[in-house]
Number of protein chains: 2
Amino acid sequence: MKKKSVINDTPACQIRMQAISDTMGILSGKWKFHILGTLIEGRKLGFMDLLREIDGIGSKMLSKELQDLEMNHLVSRTVMNTKPITVEYAVTEYGATLAPLIDELTKWGLAYRQSIHGSK
Amino acid sequence: MKKKSVINDTPACQIRMQAISDTMGILSGKWKFHILGTLIEGRKLGFMDLLREIDGIGSKMLSKELQDLEMNHLVSRTVMNTKPITVEYAVTEYGATLAPLIDELTKWGLAYRQSIHGSK
DNA sequence: GAAAGTACTTTCCATTAGGAAACTACTTCA
DNA sequence: TGAAGTAGTTTCCTAATGGAAAGTACTTTC
């Protein structure tokens with residue numbers, strides 16, 4: 001007689017697993033949290049602003065990640081009719097719902113650093 | 001005159017960015033959140049239990065991810081002296097501090113699903 | 001003594017992620 | 001007229017991710 005899954009066999013757990021996959025799928029990659037964090041902080045920023053603010057990112061990655069975020073309605077892209085054409089990126093209302101998650105992420109990272117210093 | 005970073009130029013923001021990188025570095029990969037979530041739910045589980053509970057994971061990935069998590073003191077590995085040798089994996093006290101983060105992740109994923117159904 | 005269960009490890013392979021650098025295209029300022 | 005700023009795109013490359021399948025090693029049950 002083969003053993004079967006016990007814990008995950010309930011619909012509730014299957015759904016929770018799927019929820020984790022959904023979130024991580026949308027927020028995958030090295031830069032999405034950084035972009036969102038910067039945008040939450042800075043309200044409205046241009047492409048070159050983001051390139052300067054986010055240390056280490058290249059224009060290809062920034063462009064691609066912004067497209068992903070826009071596709072998922074987390075970031076808005078507005079072309080302004082200014083003299084040298086500029087584009088304004090901002091977090092959408094829906095994107096702002098990620099703030100608590102990013103906050104938890106940051107808090108945990110800070111605590112982790114401190115725990116290394118404290119215990120060693 | 002070249003423009004310089006304005007928002008991220010403060011030490012506070014540099015540290016926040018680093019915190020995000022730290023957390024995502026430790027929790028990187030397709031399976032870490034699933035393993036931790038299952039382990040938080042199931043308290044103590046053997047290798048084969050986890051293999052059965054986590055839908056889609058293979059033994060190589062499970063083994064590797066568990067080693068990563070153990071190295072970062074998020075999961076404990078205890079070899080039991082039972083008849084057929086068994087190993088007990090459990091979330092450490094420190095690993096349990098990730099519960100709020102995993103919770104936020106899950107909540108956001110659930111809300112995302114609902115927003116798609118609701119708006120479309 | 002063969003099957004099945006424990007816990008992994010190893011090999012081999014395909015896909016993806018991501019970085020560097022160059023390039024497009026258009027505008028304004030000196 | 002050329003330098004610099006706007007916002008990207010394209011190409012080329014390497015390294016990392018992760019999956020399938022088989023193998024190791026040891027034990028217990030039928």
Side-chain angles (χ1 to χ4, degrees), chain A residues 1-6 17 20-21 24-36 38-39 42 44-72 75-90, chain B residues 1-6 17 20-21 24-36 38-39 42 44-72 75-90:
Chain A
M1 181 164 47
K2 268 194 187 172
K3 275 190 200 174
K4 278 201 104 187
S5 173
V6 179
M17 286 291 166
I20 292 174
S21 293
M24 294 317 291
I26 290 162
L27 269 11
S28 66
K30 197 174 169 183
W31 299 109
K32 296 225 176 65
F33 284 113
H34 290 100
I35 294 172
L36 286 166
T38 306
L39 239 28
K44 287 170 191 295
L45 292 171
F47 187 85
M48 295 308 281
D49 292 328
L50 285 165
L51 211 51
R52 277 184 291 261
E53 299 293 340
I54 301 166
D55 199 48
I57 200 170
S59 52
K60 188 189 87 170
M61 275 301 118
L62 180 56
S63 172
K64 190 221 146 211
E65 299 289 58
L66 282 170
Q67 276 171 30
D68 281 5
L69 292 170
E70 199 195 342
M71 235 185 300
N72 286 311
V75 159
S76 66
R77 179 182 184 274
T78 317
V79 179
M80 311 301 284
N81 78 337
T82 45
K83 324 98 182 239
I85 194 165
T86 52
V87 178
E88 255 182 25
Y89 290 97
Chain B
M1 180 163 49
K2 268 194 187 172
K3 274 190 199 173
K4 279 199 106 185
S5 173
V6 179
M17 287 290 167
I20 293 174
S21 294
M24 293 318 290
I26 290 161
L27 269 11
S28 66
K30 197 175 168 182
W31 299 109
K32 296 226 176 67
F33 283 113
H34 291 98
I35 295 172
L36 286 166
T38 307
L39 239 29
K44 287 170 192 293
L45 293 171
F47 187 85
M48 294 307 280
D49 292 328
L50 285 165
L51 211 50
R52 276 185 291 261
E53 299 294 340
I54 302 166
D55 198 48
I57 199 169
S59 52
K60 189 189 88 170
M61 274 302 118
L62 179 56
S63 172
K64 190 221 145 213
E65 299 288 59
L66 282 170
Q67 276 171 32
D68 281 5
L69 292 170
E70 200 195 341
M71 235 185 300
N72 286 311
V75 159
S76 67
R77 180 182 184 273
T78 317
V79 179
M80 312 300 284
N81 78 336
T82 46
K83 326 95 182 240
I85 193 166
T86 52
V87 179
E88 255 183 26
Y89 291 96

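Within every chain, numbering begins at 1; the chains are lettered A, B, ... in the order of the sequence lines, protein sequences first and strands thereafter.
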Give a yes/no answer on whether the side chain of R52(B) brings an N or O atom under 4.0 Å of OP1 or OP2 in dT6(C).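 R52(B) to dT6(C) OP1/OP2: side-chain N or O found under 4.0 Å.
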Minimum side-chain heavy-atom gap M17(A)-T38(B) below 4.5 Å: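 Side chain of M17(A) against side chain of T38(B), heavy atoms only: contact under 4.5 Å found.
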Quick one: does L27(A)'s side chain get under 4.5 Å of F33(A)'s, heavy atoms only?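 When only atoms from C-beta onward are counted, F33(A) and L27(A) do touch, with a gap below 4.5 Å.
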Identify the pairs formed between an N or O of the protein and an N or O of nucleotides 8-12 of chain D at a distance under 3.5 Å, and give each distance.
| residue | atom | partner | partner atom | Å |
| --- | --- | --- | --- | --- |
| dG8(D) | OP1 | R77(A) | NE | 3.3 |
| dG8(D) | OP1 | R77(A) | NH2 | 2.4 |
| dG8(D) | OP2 | Y89(A) | OH | 2.6 |
| dT9(D) | OP2 | S63(A) | OG | 2.4 |
| dT9(D) | OP2 | Q67(A) | NE2 | 3.3 |
| dT9(D) | O4 | S59(A) | OG | 3.0 |

Between the protein and nucleotides 25-30 of chain D, which nitrogen or oxygen pairs are less than 3.5 angstrom apart?
none

Could you grab the distance from atom OG of S63(B) to atom CD1 of I57(B), nearest 0.5 Å is fine?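 So the gap between those two atoms works out to 9.5 Å.
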For [X] and [N], what is the distance between atoms [atom1] and [atom2] respectively, to the nearest whole Å?
X	N	atom1	atom2	answer
M24(A)	dT16(C)	CE	P	19 Å
W31(B)	dG18(D)	CH2	P	9 Å
L62(A)	dT6(D)	CG	C1'	14 Å
M61(B)	dT15(C)	CE	C1'	13 Å
H34(A)	dG18(C)	NE2	C1'	15 Å
N81(B)	dT6(C)	CG	C1'	14 Å
I54(A)	dA7(D)	CD1	P	14 Å
E70(A)	dA7(D)	CD	P	14 Å

Who pairs with [X] by side-chain contact (heavy atoms from CB on, under 4.5 Å), at least two apart in sequence or on another chain?
X	value
S28(A)	K32(A)
V75(A)	L36(A), L39(A), L66(A), L69(A), Y89(A)
K44(B)	E88(B), A90(B)
T86(B)	M80(B), T82(B)

Output all residues satisfying salt bridge (Lys or Arg N to Asp or Glu O under 4.0 Å) with K60(B), sequence neighbours left out; order by chain, then residue number.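 Not a single residue meets the salt bridge (Lys or Arg N to Asp or Glu O under 4.0 Å) criterion with K60(B).
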Counterpart residues, side chain to side chain donor-acceptor pair (under 3.5 Å), relative to S21(A) (two or more places apart):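 If we apply the side chain to side chain donor-acceptor pair (under 3.5 Å) test to S21(A), skipping adjacent residues, the hits are H34(B).
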Which part of the nucleic acid, if any, lies within reach of G56(A) when heavy atoms closer than 4.0 Å are counted: base, sugar-phosphate only, or nothing?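 G56(A): no heavy atom of the nucleic acid under 4.0 Å.
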